[in-house]
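See below for the structure under consideration.
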Amino acid sequence: MDTDSILAGLNNKQLEAVTLPHQSALILAGAGSGKTRVLTTRIAWLIQTGQISPMGLMAVTFTNKAAKEMLTRLTAMLPINTRGMWAGTFHGLCNRLLRAHYREAGLPSTFQILDTGDQLSSIKRLMKLLNVDDEKYPPKQVQGYINSCKEEGLRAHAVEAYDAHSQKLREIYEEYDKQCNREGVADFAELLLRCYELLEREVHIRTHYQQRFQYILVDEFQDTNRLQYLWLKLLAGANNCLFAVGDDDQSIYGFRGARVGNMRDFERDFNVQNIVKLEENYRSHSNILDAANAIISHNKHRLGKNLWTSAGKGEPIRIYDAYNDTDEAQFIVDEVNMLQNEGVALGDIALLYRSNAQSRILEHSLFAANIPYRVYGGLRFFERAEVKHAMAYLRLIANAHDDTALLRIINFPARGIGARSLEQLQEAARTENCSLWQSAINKVGNGKAGAKGLEGFVALIRELVDQAYGITLAEMTELATTLTGLKAHYQNEKEGEDRIANLEELVTAAVAFSNQDFGNHNNVNDDADILTQFLNHASLEAGEHQADAGREALQLMTVHAAKGLEFNAVFISGVEEGLFPHEQSTYENNGVEEERRLMYVAVTRARQRLYLSHAQSRMLHGQVRYGIPSRFLDEIPDSLTKRLNSKPAPKTYATGGVYQTSTSAQSNYPYKIGQSVRHAKFGEGVVVSYEGNADNLVIKINFGREGMKSLAMEYAKLEKI
DNA sequence: CGACGTCCCCTTTTT
DNA sequence: GGGGACGTCG
């Protein structure tokens with residue numbers, strides 16, 4: 001392809017972005033504005049015009065999917081081999097750098113990557129060792145603390161801690177890092193931090209890569225955290241340019257450390273002169289875009305952007321006021337059936353919700369109505385217990401001193417190593433300051449009594465390592481599922497068929513991995529053997545969420561999971577105060593703004609038809625909750641919408657009699673639960689519950705944007721509405 | 001050791 | 001309501 005045909009079909013703004021001069025640039029790419037296209041075309045153009053060689057640039061994404069997509073499109077545009085190109089996820093690229101310079105990074109050549117679950121068990125183990133009270137310090141919270149420290153670029157010694165509690169956390173963090181180093185493992189955040197420190201410390205390595213990567217291109221820049229930004233800055237040095245593509249309005253990962261502020265910092269730190277806004281949307285009709293624009297305009301902290309389209313107004317946005325959650329689900333079922341009759345493919349319809357808990361009732365109704373559906377999210381292939389077990393055996397073949405792997409399977413399948421012998425083993429390892437495997441060998445070597453199970457285990461691992469010598473990866477994997485007794489174990493289990501199928505699938509995956517073109521993969525390791533590569537692949541790329549490929553099915557997912565996707569018709573369910581925006585968000589700084597961006601993302605998924613529904617009551621956490629319509633609904637101009645029911649839905653839907661949640665004395669209360677009321681100061685709200693006794697009755701009311709208020713009945717001046 | 005009961009928690013998620 | 005973690009009993 002020549003240069004012209006690469007650039008053909010771009011609009012002016014896209015063309016401007018693609019052909020910017022050799023300077024840092026920020027591309028503000030609105031939803032559906034051709035962001036990925038601009039990014040890949042920019043790369044193709046740089047290469048095609050001879051400004052850069054494929055090896056002289058780095059392209060960074062957040063997900064493996066995005067990286068793959070970029071390379072696929074690139075190959076379609078240019079007759080180049082993407083083999084060996086530095087394009088991949090932050091973690092994949094850091095892993096690659098660390099493999100290449102493992103000595104300088106202070107890591108063993110075969111270091112293993114801890115995924116989230118591994119990390120948690122590693123922390124739990126450490127806390128037990130340190131005798132830390134896990135009530136006071138819940139392991140999950142400790143994990144969150146450690147990860148957010150690392151993502152801020154802070155080692156334990158650099159973290160500020162004023163009170164006893166945070167000092168303890170810092171101490172655990174420090175010990176955790178020591179433990180990881182002892183075991184030669186790195187968690188996800190560690191990959192980044194370690195790589196950052198490597199580049200910062202080793203001047204010659206840094207200079208080498210700075211000279212190499214004259215261009216660094218970053219996708220979804222608004223999702224970068226502090227450390228990722230520092231890493232990019234370090235790699236770019238003083239002379240290279242950063243081409244950042246992002247959309248501040250779609251920043252929805254603040255809760256996991258993303259800093260939209262990086263966009264402003266980037267402008268300042270890199271003296272960015274080129275800011276290109278891509279505002280023409282090729283996805284949705286204008287009613288949908290206008291609604292999205294209207295919603296997001298209520299956010300104060302924006303870089304400023306307004307989507308437009310040359311497509312017509314399209315259909316109005318349909319709003320449905322459901323009586324309760326069942327009614328809402330039934331409404332969606334009916335509409336989906338109707339859409340199907342109109343010829344819309346099921347796979348082109350999405351059903352979105354704010355939180356996973358909402359999917360249950362929706363699924364129930366879909367199932368009853370015989371509508372095939374597919375739920376995104378949940379367990380991935382390499383996260384399944386049986387697969388992790390098999391992988392643990394493989395990890396021990398690679399490195400028997402991997403305590404996390406050893407602990408996972410030392411007694412699985414059961415071989416008589418109970419909690420007590422395990423404790424003894426850990427105790428011994430601690431005093432000898434060695435790995436559990438080493439300590440197990442010592443014990444067995446000593447011929448100590450009562451170590452029957454342990455003897456068997458040591459023999460098994462030795463046998464495994466012996467037999468693994470010189471065979472293929474697939475054969476090794478087979479060995480890890482059979483010799484170890486894993487498969488046999490599941491054969492005896494009642495519902496083990498799926499698990500066995502997954503173990504067989506793992507062997508297939510190993511075959512496929514061996515056969516593939518390694519250069520085409522972002523986590524290629526220059527130095528490592530194929531087993532290590534496979535283990536990395538499994539950690540870094542947990543595999544597709546279970547795919548029900550081929551079959552036409554309604555797409556169910558959270559709004560977060562829908563980012564980057566588009567559908568002909570979209571249902572957004574549960575558009576209520578407390579759910580969307582989520583109750584928790586109202587307590588957080590700028591929390592509602594992030595929720596609003598989330599709504600913006602949700603709305604902009606739709607090409608032609610958009611449904612927003614809310615329910616007056618719904619079952620949540622086992623009890624009925626009453627909500628009022630989301631403030632986001634009010635933010636959409638009436639001219640764009642069509643109310644499908646002007647009055648609350650007919651009560652015929654109310655099968656379960658949800659309003660009769662009988663707290664026995666309910667009839668004594670002045671207002672029924674669920675009654676809409678008006679308060680002079682707080683406005684409209686819904687009675688949620690009562691607290692206290694008759695002398696001192698407190699009424700709890702959900703005032704929506706004013707929040708949940710508890711008012712003394714005696715003084716609250718309320719008016720029924 | 002595993003089966004069963006009880007308690008507790010409960011946004012969003014990628015690597 | 002329901003899943004996961006933990007504890008007790010056979």
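Keep in mind the model is a prediction, meaning the values are calculated, not measured. Just so we're on the same page: letters track the sequence lines, and every chain starts at 1.
Here F255(A) packs flat against the base of dT12(B); its ring centre is closer than 5.5 angstrom to the base's six-membered ring, tilted by less than 30 degrees. Lacking a ring centre under 5.5 Å from that of the base six-membered ring together with a plane angle below 30°, H560(A) does not count as stacked on dT12(B).
Among dT15(B), dT11(B), dG1(C), the nucleotide with an atom closest to any side-chain atom of T63(A) is dT15(B). Comparing dG1(C), dT15(B), dT12(B) by their nearest atom to the side chain of T558(A) picks out dT12(B). For H582(A), taking side-chain heavy atoms from C-beta onward, the closest of the listed nucleotides dT15(B), dT11(B), dG1(C) is dT11(B). Considering only the side chain of N64(A), dT15(B) comes nearest among dC10(B), dT12(B), dT15(B). Here dT13(B) is the nucleotide among dG1(C), dT15(B), dT13(B) with the atom lying nearest to any side-chain atom of R256(A). Here the nucleotide nearest the side chain of A561(A), chosen from dT13(B), dT15(B), dT11(B), is dT13(B).
A straight line from CH2 of W231(A) to C1' of dT15(B) spans 13 Å, rounded to a whole angstrom. Remark: P of dT15(B) and OH of Y196(A) are 24 Å apart, rounded to the nearest angstrom. Atom-to-atom, CG of L227(A) to C1' of dT15(B) comes out at 13 Å; the value is rounded to the nearest Å. Atom NZ in K140(A) sits about 14 Å away from atom C1' in dT11(B), given to the nearest Å. Whole-Å rounding puts the I572(A) CD1 to dT12(B) P distance at 17 Å. R625(A) places its CZ atom 13 Å from the C1' atom of dG1(C), with the value rounded to the nearest Å. In this entry the distance linking CG of D115(A) with C1' of dT15(B) reads 10 Å, nearest Å. In this structure, the CD atom of E383(A) is 10 Å from the P atom of dT15(B), given to the nearest Å.
Residues N411(A) and S585(A) each lie close to DNA chain B; by heavy-atom proximity, the contact nearer the 5' end of the strand is made by N411(A). Between A414(A) and Y253(A), the residue whose closest nucleotide on DNA chain B is further toward the 5' end is A414(A).
T116(A) comes within 4.0 angstrom of a base, heavy atoms only. Using a 4.0 Å heavy-atom criterion, one finds that Q358(A) contacts no nucleic acid atom at all. Residue contacts shown for D187(A) are absent, as no nucleic acid heavy atom lies under 4.0 Å away.
A sub-4.0 Å separation between OP1 or OP2 of dG1(C) and a side-chain N or O of R360(A) is absent. Residue N147(A) places none of its side-chain N or O atoms closer than 4.0 Å to OP1 or OP2 of dT15(B). Checking the phosphate oxygens (OP1, OP2) of dT15(B), a side-chain nitrogen or oxygen of R380(A) falls inside 4.0 Å. OP1 or OP2 of dT11(B) has not a single side-chain nitrogen or oxygen of N356(A) nearer than 4.0 Å.
Of the charged side-chain nitrogens involved, none lies within less than 4.0 Å of a carboxylate oxygen, so that R408(A) and E386(A) do not count as a salt-bridged pair.
Distance noted for atom P between dG4(C) and dT13(B): 16 Å (whole Å).
For the pairing with L598(A), the side chain to side chain contact (heavy atoms under 4.5 Å, CB included) check across E593(A), H560(A), K563(A) returns one residue only, H560(A).
Side chains of T404(A) and R125(A): a donor on one and an acceptor on the other come within 3.5 Å.
Taking the centre of each ring, H165(A) and Y137(A) come in below the 6.0 Å mark.
Judged by the 6.0 Å and 45° rule, R596(A) forms no cation-pi pair with Y600(A). Because its NZ or CZ atom is both nearer than 6.0 Å to the ring centre of F111(A) and within 45° of the ring axis, R99(A) counts as a cation-pi partner of that residue.
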